[in-house]
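Notes for the one structure printed next.
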Amino acid sequence: MYTEEKKKDKNYGSIFVYCVLCFVLIVEFARFAKPYYSNLHNLMETEALVVEEGFVDVVNSGKLPCPFKTSRSASARSHEKLSGLIRREDRARPPSSYCVKFQNFATMAKLVKDNGDKYESRPFSVGGYNWTLLIYPNENKPVGSGGYVSMYVRIDNSSLIANPHDVYAEITFLTYKSTIDKYHFLQETDAQRFHLFKQQYGQLNFLEIGYYKNPAYGFIFDGEQSVFGVDILVANPFEKWEVFSYEENIRDPLFNWKLTKFSTRNLDSYTSGSFSSGGRDWVLKVYPNGVGHATGNSLSLFLLSASNEKGYVKAKLRVIDQIRSNHLEKQVEGWPNATEIGWGFEKFISFADLKDSTKGFLADDAIKFEVEILSFSKTDTL
């Protein structure tokens, strides 16, 4: 028994030593890793500063990186994320809708502090609606803008009351950059919807305020002047549209036409009177001596739309057997062909079959045609 207790004491001692060694290793590892972590943290901060300084150097050189990007500093990362797809580029063309020029950006920024920290332009008209341009030049105005200039457009409420429907408009905000003699712009590619309950749209983070404090960036020039503008492209709603449908339950699908004195007919073609089927007007057209490849050897027969509709048609054309009712029938199905912009066949019946008296197609110098309209597409303009 003494031996067993001794063994247990020995085991407890081994476990204690093992735990002490593990603790020492953890402490040493932490002490070793701390400098590495500190250096990594410093490196990340340095990288952010280098990126910002590199951007400043590019701006001073008069060349912009592609695509245009702002600093990756911590303050920029804390701002609200822009929604939608944003284009940020430069162009030579000035604003197309409205433009505001400040003789001194810093003075304007101070004066508007008593006006809700915003400059609001005079009303201007675009697309039949009145608008105003709003510019926020101070930090964190509106709340969440951080160190950015914010730009908004507002549609006049009276415009919406007089014409109460949604207004869709593509909005582009611009500011002039003198170092490259172009306008820097920010555009969301999706059209914005304005209505009585949403009268304003803008970019919270248009451009960092710091660019308007140093003339070297080009956004202030000639004594701290600055220029802002906006493009507003109003997309007018459609006024006309069409509905495409396919009719299969045709009212009055059959039409018969008798052409008398056939042997004395000397015109190239003959057209039946107009008839109504399925709510649409049609005519039959025949070429007694044929047309196209059938000229001189076969009779040609076509179904035409009296109103020049060019949809999809399914129909049966017949030359009537006037003796035994063994009619010659051919079906058309599809869009109109090029010959007559209609539906039919150049070679519908050969002269040999037509003149064969035993087949009954020509009786008493008369020929009978019949059409059965099975279905057709139609397009209604609303």
Side-chain angles (χ1 to χ4, degrees), residues 239-295 297-351 353-356 359-382:
E239 296 180 355
K240 294 183 178 180
W241 57 302
E242 61 185 46
V243 176
F244 180 87
S245 60
Y246 192 63
E247 299 291 328
E248 295 183 277
N249 299 316
I250 306 301
R251 301 188 316 273
D252 304 319
L254 290 173
F255 173 71
N256 291 277
W257 177 37
K258 184 177 182 180
L259 191 62
T260 59
K261 300 180 181 179
F262 185 77
S263 61
T264 60
R265 301 279 180 177
N266 55 10
L267 297 180
D268 290 337
S269 64
Y270 295 88
T271 303
S272 73
S274 176
F275 64 95
S276 179
S277 179
R280 181 184 293 181
D281 292 332
W282 312 84
V283 294
L284 284 175
K285 187 172 185 179
V286 62
Y287 289 83
N289 198 42
V291 67
H293 297 294
T295 302
N297 59 73
S298 299
L299 177 144
S300 303
L301 180 63
F302 296 92
L303 171 69
L304 305 179
S305 168
S307 56
N308 295 319
E309 294 283 345
K310 300 176 183 179
Y312 192 95
V313 170
K314 182 178 179 180
K316 292 180 179 180
L317 298 174
R318 302 182 183 105
V319 173
I320 301 300
D321 177 358
Q322 301 178 57
I323 300 175
R324 295 179 302 275
S325 299
N326 188 19
H327 312 314
L328 175 62
E329 177 183 286
K330 292 185 179 182
Q331 181 170 298
V332 292
E333 183 173 2
W335 300 90
N337 58 39
T339 303
E340 280 294 335
I341 313 180
W343 305 265
F345 301 90
E346 290 183 355
K347 294 184 177 182
F348 191 85
I349 183 172
S350 68
F351 288 166
D353 288 339
L354 182 62
K355 295 176 182 179
D356 188 343
K359 295 186 176 181
F361 297 124
L362 191 61
D364 297 329
D365 202 23
I367 185 171
K368 289 183 178 181
F369 303 99
E370 183 177 83
V371 58
E372 181 181 0
I373 298 177
L374 304 175
S375 59
F376 58 86
S377 69
K378 66 176 184 177
T379 303
D380 296 318
T381 302
L382 302 179

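Trp343 contributes no side-chain N or O that, together with a main-chain N or O of Lys314, makes up a donor-acceptor pair within less than 3.5 Å. A donor-acceptor contact shorter than 3.5 Å links the side chain of Ser300 to the backbone of Glu346.
In this structure, Gln331 and Phe345 approach most closely via the heavy-atom pair O-CZ, 3.4 Å. Summarising the geometry of Asn326 relative to Asp321, their closest heavy-atom pair is N-OD2, 3.0 Å, with the distance given to 0.1 Å. Considering all non-hydrogen atoms of both residues, Ile250 and Ser277 come closest at CG2-OG, 3.4 Å. Nearest heavy atoms, Gly311 versus Ser377: CA-OG, 3.3 Å.
Side-chain atoms of Ile367 and Leu299, non-hydrogen and from C-beta on, do get closer than 4.5 Å to each other. Within the 4.5 Å cutoff, the side chain of Asn289 has heavy atoms near those of the Phe351 side chain. Contact of the Phe302 side chain with the Asn337 side chain is registered, since non-hydrogen atoms from C-beta on lie closer than 4.5 Å. Contact check for Leu284 versus Leu317: side-chain heavy atoms found under the 4.5 Å cut-off. When side chains are defined from C-beta on, Phe348 does not count as touching Val286, because their heavy atoms never get closer than 4.5 Å.
For Arg318, the salt bridge (Lys or Arg N to Asp or Glu O under 4.0 Å) partners at least two apart in sequence or on another chain are Glu329, Glu370, Glu372. Every residue meeting the side chain to side chain contact (heavy atoms under 4.5 Å, CB included) condition with Ser276, not counting sequence neighbours, appears here in chain and number order: Asp281. By the salt bridge (Lys or Arg N to Asp or Glu O under 4.0 Å) test, Lys285 is found to be paired with Glu340, residues two or more places apart in sequence or in another chain being considered. In terms of the salt bridge (Lys or Arg N to Asp or Glu O under 4.0 Å) criterion, residue partners of Lys359 (sequence neighbours excluded) are, by chain and number, Asp353. Glu309 pairs by the side chain to side chain donor-acceptor pair (under 3.5 Å) definition with nothing, not counting sequence neighbours. For the ring-ring contact (aromatic ring centres under 6.0 Å, His included) test, residues two or more places apart in sequence or in another chain that qualify with Phe376 are Trp282. In this structure Glu248 satisfies the side chain to side chain contact (heavy atoms under 4.5 Å, CB included) test together with Tyr246, Ser375, sequence neighbours excluded. Partners of Asp356 according to the side chain to side chain donor-acceptor pair (under 3.5 Å) rule, which considers only residues two or more places apart in sequence or in another chain, are Thr358. The side chain to side chain contact (heavy atoms under 4.5 Å, CB included) check on Lys347 picks up His293, Ala294, Asn297, Ser298, with sequence neighbours excluded.
Here the CG-CZ distance, from Leu301 to Phe369, works out to 5.5 Å after rounding to the nearest 0.5 Å. Rounding to the nearest 0.5 Å gives a distance of 10.0 Å between CD1 of Ile323 and CG of Leu362. Taking CZ of Arg280 as the reference point, atom CD1 of Ile373 lies at 8.5 Å (rounded to 0.5 Å).
The local environment of CG in Asn249 is sparse, with at most 12 non-hydrogen atoms from other residues, nucleotides or ligands closer than 6.0 Å. Around CZ of Arg324, the count of heavy atoms belonging to other residues, nucleotides or ligands within 6.0 Å exceeds 12.
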Side chains of residues 252-266: which donor-acceptor pairs under 3.5 Å do they make with residues two or more places apart or in other chains?
residue	atom	partner	partner atom	Å
Ser263	OG	Asp365	OD1	3.1
Ser263	OG	Asp365	OD2	2.9
Thr264	OG1	Lys261	O	2.9
Arg265	NE	Thr260	O	2.9
Arg265	NH2	Thr260	O	3.0

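Residue pairs satisfying the ring-ring contact (aromatic ring centres under 6.0 Å, His included) criterion with at least one member in residues 320-340, sequence neighbours excluded, are listed as follows: Tyr312-Trp335.
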